[in-house]
Amino acid sequence: ELENLGRWGIVSWNDGDIVEALENAGVDPSSANITAVREHFSVQHIDDRMTEVGCAVIEEAINDLGLVPPGAPDKTSE
């Protein structure tokens, strides 16, 4: 069963990454701002976004390889 397991990534970050992102955005990297970003809903649920991106990459590979027959209905929007 493990041979069928895909290569899903693990994203790790720390407060230093948040500080850098805040500074790049011209925002004060205060403790309050760091905490606000860390606790934001989107950051807390980054795994959902990773799954969406992973599935999109798989669909892109299928299209890039020309595996979809001409005239086949587009089922990606379902």
Side-chain angles (χ1 to χ4, degrees):
E1 186 172 301
L2 288 178
E3 66 271 4
N4 295 323
L5 186 63
R7 294 185 187 120
W8 294 94
I10 296 174
V11 174
S12 61
W13 48 267
N14 59 40
D15 285 355
D17 297 313
I18 296 173
V19 167
E20 183 177 349
L22 288 167
E23 289 174 343
N24 289 341
V27 177
D28 177 31
S30 66
S31 294
N33 286 341
I34 293 167
T35 299
V37 171
R38 187 183 333 107
E39 294 178 355
H40 188 274
F41 177 83
S42 295
V43 175
Q44 291 295 314
H45 295 279
I46 197 169
D47 55 334
D48 294 337
R49 297 283 303 275
M50 289 174 44
T51 300
E52 291 170 15
V53 170
C55 290
V57 169
I58 290 169
E59 291 173 7
E60 183 179 313
I62 291 167
N63 289 324
D64 288 350
L65 292 167
L67 299 176
V68 179
D74 182 5
K75 295 183 178 184
T76 58
S77 59
E78 294 177 357

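Note that these values count all heavy atoms, side chains included, but never hydrogens, waters or copies made by symmetry.
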By side-chain hydrogen bond (donor to acceptor under 3.5 Å, both in side chains), R49 pairs with (sequence neighbours left out) none
Can you tell me how far apart CD1 (I18) and CZ (R38) are? Round to the nearest 0.5 Å.
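It is 5.5 Å, given to the nearest 0.5 Å.
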How long is the gap from CG on D15 to OG1 on T35, to the nearest 0.5 Å?
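It is 7.0 Å, given to the nearest 0.5 Å.
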Counting N and O atoms only, with roles assigned by atom type, does the side chain of N63 sit under 3.5 Å from a partner on the main chain of E60, one being a donor and the other an acceptor?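 Judged by distance alone, no pair lies under 3.5 Å.
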Please tabulate, for side-chain N and O atoms in residues 19-29, each donor-acceptor pair with protein atoms closer than 3.5 Å (sequence neighbours left out).
residue: N24; atom: ND2; partner: E20; partner atom: O; Å: 3.3

* To do: Could I get the full list of ring pair (Phe, Tyr, Trp, His ring centres under 6.0 Å) partners for H45, not counting sequence neighbours?
  =>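 Testing H45 for ring pair (Phe, Tyr, Trp, His ring centres under 6.0 Å), a comparison that skips the adjacent residues, returns F41.
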